[in-house]
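Report on the following structure.
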Amino acid sequence: MNTEDFEEEMERTNEEWKEYARAFQREHADQYAYLNERMKELFFENVDMDLFARFVVHYCFRNGPVEDMHAQGKLSQEDMKTLNKYMVNSVAELFGLAMSGEWLKFYLLYAYNSINGKNWDKEEPDMEISDIILGGYLSDIADDSDNLL
């Protein structure tokens with residue numbers, strides 16, 4: 001990609017990326033279904049539990065209010081290390097149970113722990129970041145049918 005193309009890419013807004021992803025999914029449903037299924041296969045063939053656990057913790061935990069609290073000095077570097085280690089280990093345990101087919105253990109952990117947090121706000125999934133990343137990826141491969149995994 002040359003400098004001019006890169007600058008043009010950077011000018012796209014997040015809304016444009018999200019719309020591109022939605023349009024691609026509508027207009028190329030078969031191609032998208034293939035990519036989606038192939039990515040699932042690649043994920044399960046190549047996933048590294050340690051990297052997956054770190055990804056989940058970073059994405060769900062570090063990229064939010066906890067990081068802001070750390071930046072504001074409310075949590076020390078040592079606090080962050082302790083929290084990160086605990087979160088990564090917990091996510092790795094859950095993921096490891098799922099990947100190894102230990103569904104009884106997985107469900108029992110879920111059932112036992114689901115009694116906690118009943119007074120918390122209901123989840124509100126935010127698909128914005130994944131839609132933006134998807135739009136960029138689909139844009140990159142749209143004109144290159146040989147690049148379909």
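Atom CG of N46 is separated from atom CG of L51 by 11.5 Å, given to the nearest 0.5 angstrom. To the nearest 0.5 Å, the span separating CG on D48 from CZ on R54 amounts to 8.5 Å. Here the NZ-CG distance, from K85 to N89, works out to 4.0 Å after rounding to the nearest 0.5 Å. With values rounded to the nearest 0.5 angstrom, L35 atom CG is found 10.5 Å from R38 atom CZ. In this structure, M49 CE and S100 OG are separated by 8.0 Å, a value rounded to the nearest 0.5 Å. The CG atom of N36 sits 12.5 Å away from the CD atom of Q31 when rounded to the nearest 0.5 Å.
Linking ILVMFWY side-chain heavy atoms closer than 4.5 Å, directly or via other members, places L97 and V56 in two distinct hydrophobic clusters. Note on V57: it clusters hydrophobically with F55, by side-chain heavy-atom contacts below 4.5 Å among ILVMFWY residues. Both F43 and V91 sit in one connected hydrophobic cluster of ILVMFWY residues. Membership requires side-chain heavy atoms under 4.5 Å apart, directly or through other members. Put simply, Y59 and F61 are part of the same group of oily side chains (I, L, V, M, F, W, Y) that touch within less than 4.5 Å, one to the next.
For Y112, the OH atom is loosely surrounded, since the number of other residues' heavy atoms within 6.0 Å does not exceed 12. Counted within 6.0 Å of CG on D30, heavy atoms from surrounding residues, nucleotides or ligands total 12 or fewer; the atom is thus considered open.
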Give every donor-acceptor pair under 3.5 Å between a side-chain atom in residues 120-131 and any protein atom, sequence neighbours left out.
{"residue": "D126", "atom": "OD1", "partner": "E128", "partner atom": "N", "Å": "3.0"}
{"residue": "S130", "atom": "OG", "partner": "M127", "partner atom": "O", "Å": "3.0"}

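Using a 4.5 Å heavy-atom cutoff, the side chains of M80 and V66 are in contact. The closest side-chain heavy-atom distance from F44 to M99 is below 4.5 Å. Under the 4.5 Å side-chain criterion, counting only non-hydrogen atoms from C-beta, R62 is in contact with H58. Counting only heavy atoms from C-beta outward, the side chains of L134 and F24 never approach each other to under 4.5 Å. Side-chain contact between I141 and Y137 is present, with heavy atoms from C-beta onward closer than 4.5 Å. Taking the side chain as every heavy atom from C-beta outward, F95 and V47 approach each other to under 4.5 Å.
Under the 30°/60° scheme for interplanar angles, the aromatic rings of Y20 and W17 are found to stand perpendicular.
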Problem - Full working for salt bridge (charged side-chain N to carboxylate O under 4.0 Å, His left out) between E19 and R26 - result: CA-CA 11 Å; E19 182 50 40; R26 279 191 313 270; 3.2 Å; yes
Problem - Derivation of the ring-ring contact (aromatic ring centres under 6.0 Å, His included) call for Y32 and H28 - result: CA-CA 6 Å; Y32 182 79; H28 306 282; over 10 Å; no
Practice task
Evaluate the criterion side chain to side chain contact (heavy atoms under 4.5 Å, CB included) for residue pair L109 and E93; output intermediate values, then yes/no.
Solution key: CA-CA 10 Å; L109 276 172; E93 177 184 12; 3.8 Å; yes
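The backbone N or O of M69 sits nowhere less than 3.5 Å from a side-chain atom of Q72 that would complete a donor-acceptor pair.
A side-chain donor-acceptor contact under 3.5 Å links D79 and S76.
Here the shortest heavy-atom pairing between V88 and A53 reads O-CB, 3.5 Å.
Within the structure, no pair that satisfies the ring-ring contact (aromatic ring centres under 6.0 Å, His included) test touches residues 65-92, not counting sequence neighbours.
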